[in-house]
Amino acid sequence: MSSEVTELTAAAAAERVRGGELSAAELFEAWRERASGDSLGAYLWLAGEAPGSINSDGPLGGVPLAVKDLFCTEGIPSAAGSRILEGYRPPYTATVVERLTEAGAPTLGKTNMDEFAMGSSNENSGFGPVKNPWDESRVPGGSSGGSAAAVAAGLAPWAIGTDTGGSIRQPAALCGIVGLKPTYGACSRYGMIAFASSLDQAGPLTRNVTDCALLFGQMIGRDPRDSTSLDFPEKLTLPTADRLDGLSFGVPPELSGEGIEPGVREVFEETLARIEDLGGQVVEVALPHSNEAISAYYLIAPAEASANLARFDGVRYGARAQNGDLLSMYEETREQGFGDEVKRRILIGTYALSSGYYEALYGRALRVRTKIAQDFRAAFERVDLIVTPTSPTVAFGLGERTDDPLAMYLSDFCTVPMPLAGIPAISIPGGLADGLPVGIQLAGPAFSEGKILDAAYALEQAIGFDGSSARHA
Ligand code: GLN
């Protein structure tokens, strides 16, 4: 019974619960049992039992949700993968989690992640790495590595994560699942532990595009507690398209040529052929400033992080070092509580914002950001969507890039331009290279999620990717 219901997609399970064929409490228990067998390190906290009340009549039908540790959840440990927040139990819940719970998706557990969402491999977690269910000697990607691995391994029906420079799309790609980074402002950031506030967005990680659309539809909308959130301008329905007629897809050579490993390029080219088979038109478009995106991102994101992380002082939240006077207590807490990557970012960010360097570093990065947004605007005058590989490589080995931050940063090469421009992008599995999943990214103008999900759905049906081997690993 339990193994059977956990085989269902989230949308199918929701349908059964709403139809009265399955009880939400039973479904929760079946998933709890699956999740408690986690040997990948995907979960940091797991619910002890089903919550007293589940809105099983809601649109999400009582299907439990894995939540990235970055979201505040009332009374439940929320540490954003950091030792400095160990033991912190927030007095309130993030808006998106609250909305999803109300819509019928109770929290199943909190998932592992790179500390403060800084990373591309989950190896920067203060609580240990996560293994990729396709090959346990490899990383799941990051920073939402726990959410991605949990869904791919069948330890959660669906999950949410956050994406600042690729943290939903890249782990989704490396784990063979679907991940959507929404338009900036589509989802409230209230209760998300901040990394880089002008880039951070919450979004779904799911087994397929239908589950993604279903979950996303309940995350969106203006929240009075986040002044950067907006009402979604159109009604979202579940995708049904089976053709791509009338849609044009731009391929930017800057993000699909040099640096993309051969196996990934092969799957990418097969996907372009499929798009044409389905009636879509494939054309080349230029995104001339893409090569500068990584440099701009790795100034802007650390600059914002250095300000956001100033609040962790051992007084207001989580862990506190016991050491002498007040100043040494601050210093000791931050010294012990933050990992190396977080310290690196605080140093880079503080440096980039310091007087004398502000204009030369931060100011210039902002100008590059504007150019990148302009590139996309120009491209979307010619094409409906942009298609690229999600990650230049398939999942890499644990430990392979930990000593080389620059190599690690290049993992985000294809995903960083979109958040800089505030636009939405999805990653769907395109196929396998050497037995490992390859993600295909579709990006569109702000608030084009409906179109992106429709196109992704048509493509998904044609690709027929089978992720079941990872679920039974
Ligand atoms: N890997 C990128 C970084 O380390 C992106 C992280 C993210 O999107 N949160 O900053």
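Atoms within a ligand are numbered from 1 in the order they appear, just like the ligands themselves. No experiment lies behind these values; they were computed from the predicted model shown.
No more than 12 heavy atoms of other residues, nucleotides or ligands sit less than 6.0 Å from atom CG of D340.
Protein residues having a heavy atom under 4.0 Å from any atom of ligand 1 are A117, M118, G119, S120, S143, D163, T164, G165, G166, S167, F195, Y297, Y298, R345, D412, listed by chain and number.
Each salt bridge (charged side-chain N to carboxylate O under 4.0 Å, His left out) pair with one or both residues in residues 255-270, not counting sequence neighbours, would appear here, but there are none.
Under 4.0 Å is where a charged nitrogen must lie from a carboxylate oxygen, and between E381 and R377 no such pair does. The pair E102-R99 does not meet the salt-bridge criterion, since no charged nitrogen lies less than 4.0 angstrom from a carboxylate oxygen.
The ring pair (Phe, Tyr, Trp, His ring centres under 6.0 Å) check on F396 picks up nothing, with sequence neighbours excluded. With sequence neighbours excluded, the residues satisfying side-chain contact (heavy atoms from CB on, under 4.5 Å) with L436 are W134, D135, R138, V394.
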